[in-house]
Amino acid sequence: MFHEERLESSSRSFVFDRSAGVELIAEGWENKGFSGDFAYQWNIPNRERVNRSDLRSGEYSNSSVEAGVHWFGLVAGLRF
């Protein structure tokens with residue numbers, strides 16, 4: 001699901017996206033030559049499992065790992 005909203009009374013915008021294991025929220029604004037943007041993205045954790053390892057010692061057999069990522073972005077600008 002993707003949603004973008006522009007507010008007519010000001011120069012702000014808001015974006016929300018929820019698709020394919022990713023949550024994204026972003027907002028931006030502009031006023032009198034100054035601008036700013038903020039974004040947050042969360043890659044929903046994924047679990048991978050190893051049943052039988054091909055390593056000679058087999059040390060990773062019957063193990064699993066879970067990884068998730070959080071991203072933050074902040075941008076400020078000045079038009080001159």
Side-chain angles (χ1 to χ4, degrees):
M1 172 188 358
F2 178 78
H3 174 73
E4 181 174 0
E5 180 179 334
R6 295 218 180 263
L7 306 173
E8 296 297 326
S9 61
S10 67
S11 53
R12 293 179 64 191
S13 62
F14 175 77
V15 176
F16 175 75
D17 184 17
R18 176 184 239 173
S19 59
V22 175
E23 302 274 340
L24 170 68
I25 296 175
E27 183 169 355
W29 59 269
E30 183 176 345
N31 188 11
K32 298 180 183 178
F34 293 97
S35 64
D37 294 294
F38 170 77
Y40 169 72
Q41 178 176 320
W42 176 42
N43 294 45
I44 297 173
N46 184 31
R47 179 176 291 274
E48 295 292 330
R49 180 154 177 77
V50 176
N51 290 323
R52 183 179 146 305
S53 175
D54 287 335
L55 294 176
R56 185 171 294 187
S57 63
E59 63 217 71
Y60 293 109
S61 292
N62 298 318
S63 65
S64 65
V65 65
E66 182 175 286
V69 180
H70 295 269
W71 300 85
F72 294 93
L74 182 62
V75 177
L78 173 63
R79 189 179 316 179
F80 54 94

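Numbering of residues begins at 1 and proceeds along the displayed sequence.
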* Asked: Under the side-chain contact (heavy atoms from CB on, under 4.5 Å) test, which residues partner W42, sequence neighbours left out?
  -> E23, Y40, I44, P45, H70
* Under 4.5 Å between side-chain heavy atoms, hopping through other hydrophobics if needed: is there a path connecting L78 to W29? -> yes
* Asked: Are L74 and F72 linked, directly or through other ILVMFWY residues, by side chains that come within less than 4.5 angstrom of each other?
  ->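 In one cluster with L74: F72, yes.
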* Between R52 and S61: side-chain donor-acceptor atoms closer than 3.5 Å ->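 No, because no side-chain N or O of R52 sits under 3.5 Å from a partner of the opposite role on S61.
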* Step through the shown structure and confirm whether more than 12 heavy atoms of other residues, nucleotides or ligands are within 6.0 Å of OH on Y60. => no
* To do: Decide yes or no for E66 and N46: does some side-chain heavy atom of the first lie under 4.5 Å from some side-chain heavy atom of the second?
  =>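 Of all side-chain heavy-atom pairs linking N46 with E66, none is under 4.5 Å.
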* **Verdict with supporting geometry, N43 and W71, side-chain contact (heavy atoms from CB on, under 4.5 Å)** => CA-CA 8 Å; N43 294 45; W71 300 85; 3.7 Å; yes
* To do: Kindly state each residue pair satisfying salt bridge (Lys or Arg N to Asp or Glu O under 4.0 Å) with at least one member in residues 70-80, sequence neighbours excluded.
  => E30-R79
* Worked check of side-chain contact (heavy atoms from CB on, under 4.5 Å) between V65 and R49 -> CA-CA 7 Å; V65 65; R49 180 154 177 77; over 6 Å; no
